[in-house]
Structures are given as C-alpha cells and as structure tokens.
Trainee: 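First, the structure itself, so that you have it in front of you.
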There are 2 protein chains.
Amino acid sequence: MNGPRPNVSLRQLQAFLALAEQRSFTRAAALSHLSQPAFSALISQLEGALGLRLFDRSTRHVEPTPEGIEFERSARRVLAELDAALSGVSDQLARRRGRVSIALLPSLAAGWLPEILHDYRAAYPGVEIEVADVLSEPCVDLVRRGQADFALAAVRADTEELQAEPFCRDDFHLVCPAGHPLLALAEVRPRDVAAWPFVHMARNSSVRQYLDSALHPLKMKTLMEVDQLATVMGMVRAGLGVSMIPALTLFHFAQPGLVTRRLAWAGLERHIYLVRRRERSLSLAAQSLYERVKAQPPATSMRPRRVRRTGRALS
Amino acid sequence: MNGPRPNVSLRQLQAFLALAEQRSFTRAAALSHLSQPAFSALISQLEGALGLRLFDRSTRHVEPTPEGIEFERSARRVLAELDAALSGVSDQLARRRGRVSIALLPSLAAGWLPEILHDYRAAYPGVEIEVADVLSEPCVDLVRRGQADFALAAVRADTEELQAEPFCRDDFHLVCPAGHPLLALAEVRPRDVAAWPFVHMARNSSVRQYLDSALHPLKMKTLMEVDQLATVMGMVRAGLGVSMIPALTLFHFAQPGLVTRRLAWAGLERHIYLVRRRERSLSLAAQSLYERVKAQPPATSMRPRRVRRTGRALS
DNA sequence: CGATCTTACGGGATTCGTAAACATA
DNA sequence: TATGTTTACGAATCCCGTAAGATCG
C-alpha cells in the first residue's frame, strides 16, 4: 500500500530528539555540534522522508505536532535499542559480559583449573563460565560441535576442522602402599612393576592408553579396571595392588599410607594438547581465558602446586 | 569508562544483517543493491566502529563470530523498532491509526454530528474518536487546553491563541403546544411572545445568551430556567409555557402535541464558530475530520435533515 | 584455475559552514 | 529592531563503482 521504506538516518533521529527536547533549532544544533542551518536541514530531510510535518515552528516558537509527539516515542525506542546494542558490544569488549566454555580432563579441572579461573573471574566477574570435566574424547567432541570454545585433552586432535597445539607434558608416577617392596629398589624398571598386581584405569581413559602404548610388549598383572582415579587410590591404599598415574593427578594420592615416586622411563609421558576449531575465532571472553590458560600451564616440577588459601568459591 | 558512542549507521546495520543471513558478501551485496566492494566497506566500517570483528571470513567461507551472533539479535531489534516507527507514521498518514477529539454543542452532537462521523469512520475505521458534547464555554476551554482538536461553539473565541471562523447560522423557532393562541397570529412579534409564560434555558447556555441579547429591553414572563432542552420540551408539551429554540435543536421538539414556527426576527440568529488553536497544526486524523466538518455544515433549510437508515452504530 | 574477498582510485553525490535573506514578536 | 529560522552557495567530505590485487579451495 505505501511506497518504499523512507530513508531515515540515525543522525536525523538524534537531531529530531534534540529538537523535541530543546524546542529551539539554535540550542539543539549547538548540542549536536552542528551549525544551525545544517541542523535545520536534518530536520527538513526527516520530515521530507516521512512525508509528515513533525514540528510547528515560527521564528519564535518550536513545538512538535501531534504526529511529532507520537514519533518522539518511537524514535526514542529506536535509539534506546541502538544504545543497548552498543553497550552490549562495549560490555563484551570489556569482558563485563560474555560466556566461555572450556572442556578439559578431570585431573586438570580439579587440580589446575581452579586457580586459573579464580584469577579470571576476579578480572571478569561478569563472564559466565562453563566447565566440562570429561575424558579426552568427549572434550574434543564438544569443541568439534561448538559446545566448548576450546579443550585441554590428551589426544592430538589435529584434523581439518580442529587445531591442536602442545600444551604441557605430564610424567608418570608409581603409586603404592607405604612400605611396599618396590620402594626399596634404587631404580624402578617396567619389569619390576609388572611383577605386582596392577590397578588399571578403563581402556578409554588417556592414562590407560598412554600406559598401554608405552609398556606395549610387557605383560601386566592386571588386578582390575576402574573408571575413577579416586577408586585407584582406594584400592592401592588398601594394599590390593599398585598403579601408575600422571603427575597432574597426584593430588588424588596425597593420602596417608600411600607413597608416590616419579618414573623417568623413556616414552612414558602423557602429552596434553590445547584444542580449538580452526578458522573460527573465539569469543572475546573465551579469548581471554585461552590466553591465560596458555600462559600458565601446570607446573611440571615435582613439588605440589601452590594452593591459594585466600580464594573464594567460584560459583 | 568507554569512549564516545561509536558512529554506526542504519545502512551498516542493514548490511550486517544481510551478510549474517546470506553468509556471502557477493549475494548480500546484490540484495542490498550495492557493488560488492562497497558492501564490503560497509561491513568493514561497522567492525571498525565497534572495534570488534563480526565475521570470520576467508575467500570461501563467511560466518559470524560469537559476538557477531549476539550483535545480530541487537541489530534486529534496532531495525524492528525503526520499522515499527515508520509503519506508525505510515498508518497515521493513511489515517489507519490516530485520534481525534472534537468538542461541540450538544445540539450539534445529537442532530448533525452522527452522520458526519458515520462517513468518517467508514473511511478511517482505525481512528479513535472522542466527542465532548458540552456547552460553548467548556468547548472552547477544551480546545484551549489542547484536550480537543477543535470545537463547534456559539462564541466567537478569537483570541491570541484561538482562531474562530464562522461555521453556520442557526435561526430561532417558537415552540408551543398545539392550538396555542400564538399560532393563530399571522406574524409573531417579540411582544406577542413576551405575553406568555416562557421556559428559559440556564443563563450559561448560548441559547439563553442569544435570546437575552436579541430581546434586550423586552421583559419576558420567565416561568423557569432549566438546563436541558429535553426539559424545555416536556414543560412546553405539558402546557406550562412557550419557548424559543434554535433550529438545530428542533429534533427535540418533533413530538406529538407540539408545534414549532420559524421566527424571522432581525438579529435573532445564533452564530456557530469553528474554533481551533492558532499556530498549532491538527493531527492528520483531526485534519481529515476538520475538513469534512467544514465541507458539510448543517442544513439551514427548514426541512429535517435526511437520516441515514443503513448506518451502523459508531462505537 | 576459478570463485571470492580486499585494496586502490577517480568521479559524483551528499553535507557542512559562512553569509545573506526572511519572518515574527 | 532583535532574535531565530530558512535559503544560497562554495568547499570539504564521504560514498559508490570499476579495476586490479590477494587468497583459498
């Protein structure tokens, strides 16, 4: 029924509102940082575009017409939405708002991530954080499906759509009950461990996969397979067997009656990768966390990580 | 905290949405009736203004960043509000929407206005109509206070802020019970009427004011003063007295047992004016009614106005 | 090599500010 | 007459389209 959408501009709307408030071309032009004739032209253009007189004006008086009064509400809403959009962008730029989703191995999630997130949240309290503490395969899947921004996993998931870069290395430790004969050896070799009942992780765990490939021809005395490292700890502490676990999981085994010992066997080292989608930029919030993660990999030394005592709960 | 409001334009937002939908600069540029480089520049400007990359793009793939996805919602809201504003203007221009408030004498409101409004509403069914059927003084007050767009009143309210132009004239009629001696006279003169008990309207009514000034030196035999013409009718029909009423109110007296007779006395004529505010444009809806009102003043002849029988109720 | 986005650049339209004209209380 | 809006006009700016360059599949 009506013609093509009139070509109004935001500057015209801003000029309109300024005039509606000031009721004076001169004052409104000054507030708009425009010469008065230029300002007058904006109003004129707007009226022309709408096909509607918006102000009754004489040299002495400026006043909105009934349609002008109604249009003022509309214009205000338009500019309010624009402001909301711009401040939304501004919030995201300042990381006052946003969302980041990280997928990572349970060991990293429990032992290393909290301190990272503590600092991150202190810096950007408005950002929503989602943590998926799952095994390597699900980690990579989450990234592939776009449900996690990036992941820390023990597989080199370098495909067409995924990019993986080395993040850290994780050496293995022997864990056995205090007083176990293995601890008496000057050097523990694979064949020494193979002589004792061994508590394994499930085959889909990265710990197990690394162990299997590193010890390949060697036949282990598998006592059982469990899913949780905490269960491994319990079994070993009860004297049922021994196990080998990565350094990053040592916190599970800081228990009375347990002893751990670093194993410097060639090739027995878990590699953890930082995985993200190729050709796909991270959200600003994710970018910030990504950089912090990259800058603070877990300590690889033997001493336990410093634990922040002043920290508050994250959620 | 953040710098000056970024200078984004509506064209940039439209280009952004086109690209977000099409995911191709070439297609989006074509839909926007722009050359591809010009379109590319718009996107580039928008990203520059926001300080934010909105699309991940290679020569083969265009995809919004996380921030781009979020900004799409915002941009859509901005343009939706703009569309609402523009279609609101369009509705008002087409009189599909709007509001008009008319103040006018009760006699005009009952006898003449309905037919006008019937046609008006048939033409512009979306316009809200408000009718204030009050005496002349309140009519003018409503216009002065901006609560009515214009008025039909019996006072020439030509002031600094109000403009009054003649609308119609209204001659007076004698009304008396059938068989009354006055009806036997060949010509009824003022002194003849003054001999009989007279039913007056209240002093603040225009009918009374016109009568008083036209008959000035003459002493009437005032029987009573009432506020409503219907009451005058009842009193006269009951034989309590006679009265004189303007032609526009004759419909009140089309009752069995009553006779009316036109009086052609010099100076006895009610003038009705069309009153509006000076220097203040009417709303489009009001303008349309104003023009119809002006074009169809009440019939001044003696015959009753044609009554539309096919009309439906107005509200 | 073909399709697609970006950069470079000249021409044209838009918009600005100054100055003069116009209108109203 | 003084204040304030509109009109006139030259100059600077912005924006568009064509053409060449760069990049990825």
Side-chain angles (χ1 to χ4, degrees), chain A residues 6-16 18-49 52-65 68 158-163 277-281, chain B residues 6-50 52-65 68 158-163 277-281:
Chain A
N7 231 4
V8 305
S9 74
L10 289 173
R11 309 194 54 237
Q12 288 163 5
L13 293 185
Q14 288 166 330
F16 168 80
L19 184 54
E21 283 168 10
Q22 297 297 324
R23 310 219 159 183
S24 152
F25 279 72
T26 307
R27 285 200 303 274
L31 286 185
S32 305
H33 306 292
L34 279 176
S35 73
Q36 192 276 330
F39 182 88
S40 196
L42 279 181
I43 300 296
S44 218
Q45 289 162 18
L46 179 59
E47 291 181 328
L52 190 58
R53 198 153 189 77
L54 293 170
F55 293 95
D56 284 328
R57 45 198 189 268
S58 70
T59 59
R60 284 296 165 189
H61 207 67
V62 175
E63 192 171 28
T65 61
D158 235 336
T159 69
E160 194 175 319
E161 53 180 354
L162 294 182
Q163 166 195 355
R277 290 175 70 157
R278 290 187 190 278
E279 314 287 325
R280 184 78 153 254
S281 62
Chain B
N7 231 7
V8 306
S9 75
L10 290 173
R11 308 194 54 236
Q12 288 164 5
L13 294 185
Q14 288 165 331
F16 168 79
L17 287 185
L19 184 55
E21 284 168 9
Q22 297 297 323
R23 311 218 159 181
S24 154
F25 280 72
T26 307
R27 285 200 303 276
L31 286 185
S32 306
H33 306 291
L34 278 175
S35 71
Q36 192 276 330
F39 184 89
S40 195
L42 279 181
I43 299 297
S44 210
Q45 290 161 19
L46 180 59
E47 289 181 329
L50 296 180
L52 190 58
R53 198 152 190 77
L54 294 170
F55 292 95
D56 284 328
R57 46 198 189 268
S58 71
T59 58
R60 283 294 164 192
H61 208 68
V62 174
E63 192 172 25
T65 61
D158 236 336
T159 70
E160 195 176 317
E161 53 182 352
L162 295 183
Q163 165 196 354
R277 291 176 70 158
R278 289 186 191 280
E279 315 285 327
R280 185 77 153 255
S281 62

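In what follows, chains carry the letters A, B, and so on, assigned in the order in which the sequence lines appear, proteins first and then strands, with residues in each chain numbered from 1. Heavy atoms only: backbone and side chains are in, while hydrogens, waters and symmetry mates are out.
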Trainee: How about B:Leu17 and B:Leu13: do any of their side-chain heavy atoms sit closer than 4.5 Å?
Mentor: no
Trainee: Taking only residues at least two apart or on different chains, which pairs with a member in residues 21-43 of chain A satisfy salt bridge (charged side-chain N to carboxylate O under 4.0 Å, His left out)?
Mentor: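 Checked against salt bridge (charged side-chain N to carboxylate O under 4.0 Å, His left out) - neighbours excluded - the pairs reaching residues 21-43 of chain A are A:Glu21-A:Arg76.
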Trainee: Reading DNA chain C from 5' to 3', where do the contacts with chain B start and stop? Cut-off is 4.0 Å to heavy atoms.
Mentor: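 Using the under 4.0 Å cut-off, the span is C:dG2 to C:dT7.
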Trainee: Not counting sequence neighbours, which residues clear salt bridge (charged side-chain N to carboxylate O under 4.0 Å, His left out) with A:Arg277? List them please.
Mentor: none
Trainee: If I compare all heavy atoms of B:Leu50 with all of B:Leu54, which pair ends up nearest, and what's the gap?
Mentor: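 The pair with the smallest heavy-atom distance is CD1-CD1, 3.9 Å.
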Trainee: Under a 3.5 Å distance rule, please check whether B:Arg11 uses its side chain to pair with a backbone N or O of B:Ser9 as donor and acceptor.
Mentor: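 Checking the backbone N and O of B:Ser9 against the side chain of B:Arg11, no donor-acceptor pair under 3.5 Å is found.
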Trainee: Taking atom CG of B:Asn7 as the centre, does the number of heavy atoms from other residues, nucleotides or ligands within less than 6.0 Å exceed 12?
Mentor: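 Atom CG in B:Asn7 is not packed in, count stays at 12 or less.
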Trainee: Side chains of B:Arg278 and B:Glu161: does their closest heavy-atom pair fall under 4.5 Å?
Mentor: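 Side-chain contact under 4.5 Å: no.
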Trainee: Whole angstroms only, please: what is the CG-C1' distance between B:Asn7 and D:dC15?
Mentor: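 Rounded to the whole Å, the gap is 15 Å.
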Trainee: Using the C1' atoms of the five pairs at each end, what is the angle between the end axes of the helix from C:dC1-D:dG25 to C:dA25-D:dT1, to 10°?
Mentor: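 Rounded to the nearest 10 degrees, the bend comes out at 30°.
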Trainee: Which residues, if any, of residues 28-46 of chain A bring a heavy atom under 4.0 Å of DNA chain C?
Mentor: A:Leu34, A:Ser35, A:Pro37, A:Ala38, A:Gln45
Trainee: Atom NE2 of B:His61 and atom C1' of D:dT23: how far apart are they, to the nearest Å?
Mentor: 16 Å
Trainee: Which heavy atom in A:Val8 sits nearest to a heavy atom in A:Ala49, and how many Å separate them?
Mentor: CG1-CB, 4.2 Å
Trainee: How many angstroms lie between CZ in B:Phe55 and CG in B:Leu46, if you round to the nearest 0.5 Å?
Mentor: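 One finds 8.5 Å between CZ of B:Phe55 and CG of B:Leu46.
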Trainee: Not counting sequence neighbours, which residues clear salt bridge (charged side-chain N to carboxylate O under 4.0 Å, His left out) with B:Glu63? List them please.
Mentor: A:Arg280
Trainee: Give, ordered by number, those residues of residues 10-17 of chain B having at least one heavy-atom distance below 4.0 Å to an atom of DNA chain D; if nothing qualifies, reply none.
Mentor: B:Arg11
Trainee: Once salt bridge (charged side-chain N to carboxylate O under 4.0 Å, His left out) is applied, do any residues pair with A:Asp56, and if so which ones, sequence neighbours excluded?
Mentor: none
Trainee: Please state how far atom CZ in B:Phe25 lies from atom C1' in D:dA22, giving the value in whole angstrom units.
Mentor: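 Answer to the nearest Å: 15 Å.
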Trainee: What closest approach, in Å, do A:Thr65 and B:Ser281 show between heavy atoms, and which atom pair accounts for it?
Mentor: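 Nearest pair, atom of A:Thr65 first, then B:Ser281: CG2-OG, 3.1 Å.
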Trainee: Applying side-chain contact (heavy atoms from CB on, under 4.5 Å), can you list everything that pairs with A:Thr59, at least two apart in sequence or on another chain?
Mentor: none
Trainee: Under the rule for salt bridge (charged side-chain N to carboxylate O under 4.0 Å, His left out), what residues qualify as partners of B:Arg53, not counting sequence neighbours?
Mentor: B:Glu47
Trainee: For DNA chain C, what residues of residues 53-60 of chain A have any heavy atom nearer than 4.0 Å?
Mentor: A:Thr59, A:Arg60
Trainee: In whole Å, what is the span from the CZ atom of A:Arg27 to the P atom of D:dT3?
Mentor: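 A:Arg27 atom CZ is separated from D:dT3 atom P by 14 Å.
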Trainee: Could you list the donor-acceptor pairs under 3.5 angstrom formed by side chains in residues 29-45 of chain A, with sequence neighbours left out?
Mentor:
unit_1  : atom_1 : unit_2  : atom_2 : d
A:Ser32 : OG     : A:Ala28 : O      : 2.8
A:Ser35 : OG     : A:Ala38 : N      : 3.3
A:Gln45 : OE1    : A:Gln12 : NE2    : 3.1

